[in-house]
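As the structure is a prediction and not an experimental result, all values here were calculated from the model. Positions are given from 1 along the sequence.
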Amino acid sequence: MNPSQTGVSIPLWGRFETQFQSTIAYREPVRDVKLTATFTGPSGQTRQVEGFWDGGNVWRIRFAPDEEGSWQYRTTCDHASDGGLHAQIGIVNCVGRLDTTPFDRHGPLRLAANRRYLVHADGTPFLWIGDTAWNGPLRATPTEWVHYLKERRRQKFNAVQWVTTQWLAASTGDRSGAKAFSGSDRIVINPLFFQRLDEQMTTTARAGFLNVPVLLWAAVWSTPEANGKNPGIFLPETEAILLARYMVARWSADPVVWILAGDGNYLGGNAERWKRIGRAVFDDPHHAPVSLHAAGMEWNGAEFRDEPWLDLLGYQSGHGDNQETLSWLVSGPPARDWSMEPARPVINLEPPYEDHIAHQSRKRIDSHFVRRALYWSVLVSPVAGVSYGAHGVWAWDDGTSLSEGHPDAGLPKPWREALLLAGAEEVRHLRSLLESMEWWRLVPAPELLRTQPGTVDKNRFIVAAKNRDNTVGVIYIPQDPFVELNIPAGLHGGSAEWFNPRTGLRQRVVRTNDNDDRFLTPSAGDWVLLLTCKGFVPLSPDS
């Protein structure tokens, strides 16, 4: 008798898991068997959940109830003669909710009603403050991973992007040398590999972080050898779909946002391939939000405009520092094309990595360069969030050699040291600033500026945003001594305040002339000007 038949109590949005023993020995379980369970909730709603093979004759089904009360389920196996998998029944009692993490309190993520940002199941807005620890869960020991999460939580991160399989920067697999699968034309999945990732994923969730797994790394490199290490490139479509669906079945009951493919080219003919893969992997309308992590300075919004499974527009502004690269971010697609329909949140999933060698100047990227990119990324599109990255952390380096497969990035610091880089410490100030206001109502507002020095020099680009009521303005000034506003003097009875993005401190704006619409920054360095008023009434440019 299945123990779940007696009725297990699970909190709202918690993970219910049950195990089944197949009575038939299958030669290729992942291919030969399709196991599903239909859950029927107290209001009559039904959810179909796919099961997954976990080694030997063990199969599991995981499910997160989104309604309090009694849920009943019944399994279906395409081998009806398998008495251990087919026609199994059980009851799950969903009672109350936990108060440990934001996901316990508010539920998993979905798109907001206006589709511009993410919210929890109960409607609470979620500001994405992500970190790219691509190799973290693969290479870290459990103790190391706890340390990483403790520091990133102190720095106010709330999401971790990581890779789920062997790839170019982890070609030998996880810390023990195990790989997610073997073969290529006809892969064999290794459940033991994923059992270890289960533990890292659970630790991440219990620490209050959103798991953001990349299912298929798809970077295109200049050599066949390198391309042969990235599953999203060398696997045939059928095998890529099989592998990705396995991971989605395994982790769908956890609070996640999926990145279907990482660092890939999804344009032109490549777009059609990834459309087919996306449709096959995410055919369940109840799936968690999905994004694509694109190659540097690639925008695939037009190609995937009509793909219902793609929920977030993720992009990578890259690790360059010339005018072309900066222009792409501040006045290119992220700043220009976010308004296309259907609306989607826009998030820079890989801005320039701190301490990484810049592509053009070959200089180390410092905290100011990173900080500027973060504020630009957040404010050039409707605010949804941003990710950060540190060279040394993303590949889980020990500092003794170059990151695998990335010789041009420079010798990294050990991951523990890189974890504490200045830019990472300053991320908490960005989050505190945005969470001090209704950030989800902020939209780009270049019309607030009378002059834009970034027209001549992109390093000096000033980005402005305001809420939809025209009562709050946020203006990031990267290095200019003053900003000229295109609004009437006096701010209609409002106030102005300086925010220091390096320290998080605020100070009131001191103006000698209330009729002057020029705001002089307190000192050298970048600053954020915060405006509050009864209503902005923009002037014409020549007034």
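- For Arg364, the CZ atom counts as densely surrounded, since its 6.0 Å shell holds more than 12 non-hydrogen atoms of other residues, nucleotides or ligands.
- Between the Thr124 side chain and the His120 main chain, no donor and acceptor come within less than 3.5 Å of each other.
- No side-chain heavy atom of Ile357 sits under 4.5 Å from any side-chain heavy atom of Lys363.
- Contact annotation: the side chain of Tyr315 approaches that of Val346 to within less than 4.5 Å [non-hydrogen atoms, C-beta and beyond].
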Checklist entry - Passes side-chain contact (heavy atoms from CB on, under 4.5 Å), Ser317 versus Met297? Steps please. => result CA-CA 5 Å; Ser317 61; Met297 297 171 62; 5.8 Å; no

Next on the checklist: Under the criterion side chain to side chain donor-acceptor pair (under 3.5 Å), I'd like the reasoning laid out for Asn348 against Gln316: C-alpha separation, chi angles, the key distance, then a yes or no.
Outcome noted: CA-CA 6 Å; Asn348 190 349; Gln316 175 188 167; over 6 Å; no

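- Between the side chains of Asp457 and Asn459, a donor-acceptor pair is found at a separation under 3.5 Å.
- The aromatic ring centres of Trp309 and Trp274 sit 6.0 Å or more apart.
- Taken to the nearest 0.5 Å, the NZ atom of Lys275 stands 10.0 Å off from the CG atom of Asn300.
- Remark: the Asp469 side chain and the Thr471 side chain contain no N/O donor-acceptor pair separated by less than 3.5 Å.
- In this structure, Trp439 and Leu127 approach most closely via the heavy-atom pair CZ2-N, 3.4 Å.
- Considering only heavy atoms from C-beta on, Phe482 stays 4.5 Å or farther from Pro453 through its side chain.
- Looking at Asn230, its side chain does come within 3.5 Å of a backbone N or O of Leu168 through a donor-acceptor pair.
- Looking at heavy atoms from C-beta onward, Pro501 lies in side-chain contact with Tyr375 at the 4.5 angstrom threshold.
- A donor and an acceptor atom, one from each side chain of Glu484 and Thr451, are located under 3.5 Å apart.
- Distance check, rounded to the nearest 0.5 Å: CH2 of Trp440 to OH of Tyr117 gives 7.0 Å.
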Item to check | Worked check of side-chain contact (heavy atoms from CB on, under 4.5 Å) between Arg116 and Ser381 | outcome: CA-CA 9 Å; Arg116 291 293 183 200; Ser381 308; over 6 Å; no

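- The shortest distance between side-chain heavy atoms of Trp328 and Pro333 falls below 4.5 Å.
- Remark: side-chain polar atoms of Asn227 are paired, donor with acceptor, to backbone N or O of Trp221 under 3.5 angstrom.
- Taking every heavy atom of both residues into account, Leu111 and Val119 meet most closely at O-CG2, 3.9 Å.
- For Glu298 (side chain) and Tyr266 (main-chain N/O), a donor-acceptor pair under 3.5 Å exists by modelled atom type.
- The 12-atom threshold is not exceeded at CD of Glu324, counting heavy atoms of other residues, nucleotides or ligands nearer than 6.0 Å.
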Next on the checklist: What verdict does the side-chain contact (heavy atoms from CB on, under 4.5 Å) test give for Arg416 and Glu151, after you've listed the backbone C-alpha separation in whole Å, the side-chain angles of each residue and the deciding distance to 0.1 Å?
Outcome noted: CA-CA 10 Å; Arg416 286 179 184 270; Glu151 289 301 315; over 6 Å; no

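- When every heavy atom of Trp167 is checked against every heavy atom of Thr165, the shortest pair comes out as CD1-O, 3.3 Å.
- For Arg196 (side chain) and Pro137 (main-chain N/O), a donor-acceptor pair under 3.5 Å exists by modelled atom type.
- Taken from CG in Leu434 to NE2 in His429, the straight-line distance is 13.0 Å, to the nearest 0.5 Å.
- Heavy-atom contacts from other residues, nucleotides or ligands closer than 6.0 Å to CD of Gln360 number more than 12.
- To the nearest 0.5 angstrom, Gln200 atom CD is 13.5 Å from Thr164 atom OG1.
- Under a 4.0 Å N-O distance rule, the pair Arg250/Asp198 qualifies as a salt bridge.
- Thr223 places a side-chain N or O within donor-acceptor distance of the main-chain N or O of Ala226, the cut-off being under 3.5 Å.
- The one candidate from Tyr353, Trp394, Tyr388 that meets the side chain to side chain donor-acceptor pair (under 3.5 Å) condition with Thr132 is Tyr353.
- Taking the centre of each ring, Tyr148 and Trp415 stay at or above the 6.0 Å mark.
- No close placement of the Trp128 and Phe157 rings is indicated, their centers lying 6.0 Å or farther apart.
- Residues in residues 155-168 take part in no salt bridge (Lys or Arg N to Asp or Glu O under 4.0 Å) pair, two or more places apart or across chains.
- Seen from the ring of Phe499, Arg506 does not count as a face-on cation partner, given the 6.0 Å and 45° thresholds.
- Of the listed residues (Arg154, Arg371, Arg502), just one forms a salt bridge (charged side-chain N to carboxylate O under 4.0 Å, His left out) with Glu425, and that residue is Arg154.
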Item to check | ring-ring contact (aromatic ring centres under 6.0 Å, His included) between Tyr246 and Phe194, worked out | outcome: CA-CA 10 Å; Tyr246 177 83; Phe194 289 105; 5.3 Å; yes

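- A donor atom on one side chain and an acceptor atom on the other are found under 3.5 Å apart for His293 and Glu350.
- Contact record, Arg372 with Pro478: CD-CB, 3.7 Å, taken as the closest heavy-atom pair.
- One finds a salt bridge joining Lys413 and Asp355 here, because a Lys/Arg side-chain nitrogen approaches an Asp/Glu carboxylate oxygen to under 4.0 Å.
- When atom types are taken as modelled, the side chain of Asn135 and the backbone of Leu138 share no donor-acceptor pair closer than 3.5 angstrom.
- Put simply, the side chain of Leu419 reaches to within 4.5 Å of the side chain of Arg152, judged on heavy atoms.
- Heavy-atom neighbours of Arg362 CZ from other residues, nucleotides or ligands within 6.0 Å: above the threshold of 12.
- Within the model, atoms CG of Leu485 and CZ of Arg450 stand 8.5 Å from one another, a figure rounded to the nearest 0.5 Å.
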Next on the checklist: Apply side-chain contact (heavy atoms from CB on, under 4.5 Å) to residues Thr204 and Trp145 and explain how you reach the verdict.
Outcome noted: CA-CA 8 Å; Thr204 305; Trp145 193 238; 2.8 Å; yes

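- No side-chain heavy atom of Leu210 sits under 4.5 Å from any side-chain heavy atom of Asn158.
- Atoms OG1 and CG, from Thr325 and Asp321 in turn, are 7.0 Å apart once rounded to the nearest 0.5 Å.
- The six-membered or imidazole ring of Trp396 lies away from that of Trp134, with a centre-to-centre distance of 6.0 Å or more.
- Of the residues listed (Lys150, Arg175, Arg139), the one engaging Glu144 in a salt bridge (charged side-chain N to carboxylate O under 4.0 Å, His left out) is Arg175, and it is the only one.
- Residues Glu354 and Ser367 have side chains that never bring a donor and an acceptor to within less than 3.5 angstrom of each other.
- Taking each heavy atom of Ala205 and Asn211 in turn, the nearest pair found is N-ND2, 3.9 Å.
- Looking at Asp254, its side chain never comes within 3.5 Å of a backbone N or O of Val256 through a donor-acceptor pair.
- Inter-residue side-chain proximity for Glu438 and Asn467 is flagged as unmet; no heavy-atom pair is nearer than 4.5 Å.
- His319 and His356 have parallel rings, their planes meeting at less than 30° on a 0 to 90° scale where 60° marks the start of perpendicular.
- Nearest heavy-atom pair across Leu312 and Pro289 is CD1-CB, 3.6 Å.
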